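Computed from heavy atoms alone, side chains included, the values below leave out hydrogens, waters and symmetry copies. Just so you know, ligand 1 is whichever comes first in the structure, and atom 1 is the first atom listed for that ligand. Everything numeric here is computed off the predicted structure, so don't read it as measured data.
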Amino acid sequence: MAEILCRLEEIPDGQARGFVLDRGERTLRLLVARRGGDAFGYQNVCPHAGIPLDWNHDDFMSLDGRHLQCATHGAQFRVEDGFCIVGPCQGRSLRPAPVRIEADGTVVLAE
Ligand code: FES
């Protein structure tokens, strides 16, 4: 079943947005990054220390806007595949979250 997250235009191009989903006994934290007409979903959990990447809500991008960045120790991840290229978890990856864009522009989580 797919769960609606937002509309693609609600994520500024080149930025990312966080989502907190209630799963009963657990909370699922996701982020969705937008690159033009594409959306890339990951669990909002840094592979270094297992905490959310953003200190400030929806503040996920590096200063140059090219990569996702963890606010705690500065790890940077490629938007396209979540691979860590800089920082203490270099060589590891964000866990992907299966998001897709529907024909009407809705971004959904396909679980
Ligand atoms: S917790 Fe993310 S880089 Fe350390």
| Within the distance-only criterion (no hydrogens, no angle test), does the side chain of R29 pair as donor or acceptor with the backbone N or O of N44 below 3.5 angstrom? | no
| query | Once rounded to 10 degrees, what value does the angle at atom 2 (Fe) of ligand 1 take between SG (C46) and SG (C70)? | reply | 110°
| request: Provide the number and element of each atom of ligand 1 under 4.0 Å from a heavy atom of A75. | output: 3 (S)
| Looking at R17 and E9, does any basic side-chain N land under 4.0 Å from a carboxylate oxygen? | no
| For ligand 1, is any non-hydrogen atom under 4.0 Å from H73's backbone (N, CA, C, O), its side chain (CB onward), both, or neither? | both
| query | Side chain, backbone, both or neither: which part of C89 has a heavy atom under 4.0 Å from ligand 1? | reply | neither
| note | The atoms of ligand 1 lying under 4.0 Å from a heavy atom of P88, numbered in the order shown, are 3 (S)
| message | Tell me if a side-chain donor or acceptor on S62 pairs with a main-chain N or O of H67 at a distance below 3.5 Å. | response | yes
| said: Using a 4.0 Å cutoff against the non-hydrogen atoms of A49, which atoms of ligand 1 qualify? | reply: 1 (S)
| message | Only N/O/S atoms count here: what is the atom of H48 closest to atom 4 (Fe) of ligand 1 called? | response | ND1
| field | Note: R100-E102 ion pair, threshold 4.0 Å (strictly below) | value | yes
| field | Side-chain donor/acceptor of D54 to backbone N/O of F60, under 3.5 Å | value | no
| message | Would you say that D81 contacts S93 through its side chain, given a criterion of any heavy-atom pair below 4.5 Å between the two side chains? | response | no
